[in-house]
Amino acid sequence: MTLRKKLDKIFGDAFAAAGLDRSFGLVQESARPDLCQFQCNGALAAAKASKANPRALAEAVLAAVDKGIVIRDLSLAGPGFINITLTDAFLADIAATARQDPRLGVPPADPRLKILVDFGGPNVAKPMHVGHLRSAIIGDSLQRLNRLLGHDVVSDVHLGDWGTQMGMLIEEVRLQDPGLPYFDPEVREAYPLESPVTLQDLEAMYPRASSRCKADPVEMEKARQATFELQNGRAGYRALWSHFCTVSKAGLKDDFGALGVEFTYWYGESDDQKNIPGMISDLKQREVAVISEGATVILLDDDGSGAPLPPLLLVKSDGAYLYGTTDLASLRRRVAEDKADRILYVADKRQSLHFRQVFLGVKKSGYLGQAVAEHIGFGTVNGPDGKPFKTRAGGVMKLGDLISMARTEAAKRMAEGGIAESLSPAEREKVAHLVGMAAVKYSDLCNPRSSDYVFDIEKFTQFEGRTGPYLLYAAVRMKSILRKALERGFGAGALLQPSDFERPLFLKIAALPDALERAGRDSMPNLVCDYAFELAGAFSTFYQNCNILREEDPARRGSWLALTGLTLQALECSLGVLGLETPESM
RNA sequence: GGUCCCGUAGCUCAGCUGGAUAGAGCAUCAGAUUUCUAAUCUGACGGUCGGGCGUUCGAGUCGCCCCGGGGCCA
């Protein structure tokens with residue numbers, strides 16, 4: 001049981017003993033650390049509900065609390081706050097238990113769920129830009145977090161590989177080289193194994209094709225026709241499309257690899273197409289889907305929550321499927337075949353209406369069963385002007401450029417400070433990469449995900465204060481101490497009860513399981529960012545005030561080394577959830 | 001037109017079921033290093049929480065109206 005749950009139970013019991021609902025016994029971290037460590041405001045809420053005197057209720061609760069070995073001080077303050085301070089013996093006991101536990105006190109998930117994370121992936125043929133950063137980094141953090149909590153997690157990049165842009169590209173290739181066999185209806189097989197286009201070609205072709213189609217309705221119609229034929233199985237187009245996908249995936253794997261992001265599946269929209277016709281006829285047969293103005297739709301106006309939603313369009317009057325159709329089919333497959341209990345769609349919050357429609361539609365279809373689908377929406381990445389981010393030259397900043405920029409800044413900082421000079425150039429480069437990635441990921445994750453986001457390269461390459469590099473630095477100092485202790489033959493010993501400088505650190509270590517559980521429940525990696533920063537800060541204060549290696553009392557030194565080792569584990573655990581890797585030195 | 005989100009310190013942002021003195025980081029200023037990595041630590045300065053009315057013992061948080069910015073749908 002986590003610390004907070006333990007306290008909730010103690011106070012829930014006390015409220016129950018005082019004749020009140022035990023749900024009032026929720027305990028939170030103190031807003032006044034100068035007065036106490038935790039507080040319970042339940043007496044105020046209970047008083048409101050029953051129109052009683054809050055102080056009198058709090059008195060009754062106080063009298064009923066079983067302090068045991070857990071609570072040192074209990075007091076009534078203000079209008080009815082209950083202030084709580086734990087015994088040092090109990091804090092030391094929690095830390096000692098965590099030290100013996102590879103999971104650091106994080107209870108295994110119960111029930112253990114099958115969780116599927118959909119990254120709402122990038123489109124084939126388009127390079128990843130800073131806008132794709134969030135889905136990659138947030139989604140990766142969620143898959144790491146849920147795995148750590150003990151769930152069975154799989155992830156799917158879910159590429160955009162089936163839209164009109166594919167037809168545009170086919171036509172673009174035809175313009176450049178109409179003699180290729182892909183366009184010859186007589187040729188049915190044995191297409192070249194080598195792709196006619198490289199990644200660089202694709203990246204240049206896409207904007208060209210897109211603006212051509214936008215400018216000219218005739219060109220757009222050609223692209224639509226090509227898309228239609230592709231989707232209906234024209235062999236030459238399928239072969240060409242397959243090259244586009246292969247070439248794109250190789251590029252995407254480089255970018256995701258640099259970010260340290262991995263997926264279980266590299267599926268795309270195309271993978272669910274074959275199941276759509278069967279799904280449509282099933283929905284029609286059960287009258288979940290109806291014909292409206294020539295289109296097949298699911299009506300959503302009966303959810304009773306205020307304004308009716310527009311219907312979920314499944315098949316347009318011209319026979320074309322839509323995004324929602326594909327999403328419905330993949331949801332159905334994920335529940336039926338993957339046995340997913342919880343499906344997380346990590347996608348820009350501007351798509352929230354779309355997902356509400358899809359989720360209501362799938363609910364009406366009955367495909368979801370007991371499973372839960374959630375849209376993990378995140379804020380838009382804008383430039384300083386509040387509009388979608390552009391480089392100074394007006395172009396889109398590629399993700400790869402951002403990563404190398406952060407790495408260069410880190411290397412520069414290391415050179416200026418004469419840091420890590422003893423390392424080989426290759427090792428220095430590795431460290432610079434880790435530091436740069438830490439800066440980028442932490443600044444992306446540290447705000448609540450639904451907040452909008454102003455992209456600022458200065459902020460992304462900042463190394464002081466509340467940043468990824470600060471956290472790595474704290475970890476590196478711990479590692480350095482532990483290494484030196486080993487050299488001098490100093491070992492870690494039993495944890496003694498905390499002194500004033502250590503107590504905040506003990507409290508933070510005890511708070512790890514609650515922080516991770518809440519972050520997982522609400523899919524909020526920023527809570528893990530908060531936790532890691534507070535933990536590192538508590539260690540820094542301890543470090544500044546207690547010189548571990550110069551401590552002469554072996555028992556105290558051993559305890560401090562144990563505390564340092566445990567803090568390092570808790571820090572690396574939370575940094576691991578954020579996708580940050582700590583170097584040995586920096 | 002319908003609907004949703006945002007407005008908090010000079011800047012970038014937190015603020016969990018309404019609770020005590022609204023918190024961080026950056027910037028500015030003042031300190032700390034013969035000592036475990038100063039990418040650090042300690043402290044100070046800095047806020048009519050966009051405005052108004054209301055509910056409440058208590059409102060940044062809830063309700064209504066207005067101002068300003070943005071998203072989505074039509």
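Taking the six-membered ring where the residue is Trp, A:F542 and A:F539 present perpendicular rings, their angle passing 60° and hence far from 30°.
Remark: aromatic rings of A:F460 and A:Y442 are distant, center separation not under 6.0 Å.
As judged by a 4.0 angstrom heavy-atom cut-off over every strand, A:Y473 is placed among the base-contacting residues. When heavy atoms are screened at a 4.0 angstrom cut-off, A:A77 is found touching base atoms of the nucleic acid. Here A:T541 lies in heavy-atom contact (under 4.0 Å) with sugar-phosphate atoms only. As judged by a 4.0 angstrom heavy-atom cut-off over every strand, A:I548 is placed among the base-contacting residues. As judged by a 4.0 angstrom heavy-atom cut-off over every strand, A:N83 is placed among the base-contacting residues. Within 4.0 Å (heavy atoms only), A:P54 reaches no atom of the nucleic acid at all. At a threshold of 4.0 angstrom between heavy atoms, the contacts of A:N447 are confined to the sugar-phosphate backbone, with no base atom among them. Using a 4.0 Å heavy-atom cutoff across all strands shown, A:L35 reaches at least one base atom of the nucleic acid.
For the strand RNA chain B, secondary-structure stems (runs of at least three Watson-Crick or G-U pairs, all distances below 3.5 Å) span B:1-7 with B:67-73, B:10-13 with B:23-26, B:28-32 with B:40-44, B:50-54 with B:62-66.
For A:Y543 and B:rU42, the shortest distance from a side-chain N or O to OP1 or OP2 is not below 4.0 Å. Taking side-chain N and O atoms only, A:T380 has no distance below 4.0 Å to OP1 or OP2 of B:rG70. Residue A:K479 places no side-chain N or O under 4.0 Å from the OP1 or OP2 atom of B:rU37. Distances shorter than 4.0 Å separate some side-chain N or O of A:R477 from OP1 or OP2 on B:rA38.
A:K48 contributes a side-chain N or O that forms a donor-acceptor pair with the base of B:rG18 under 3.5 Å. Residue-to-nucleotide contacts include no donor-acceptor pair under 3.5 Å from the side chain of A:R466 to the base of B:rC26. Side-chain N/O atoms of A:Q28 and base N/O atoms of B:rU17 include a donor-acceptor pair closer than 3.5 Å.
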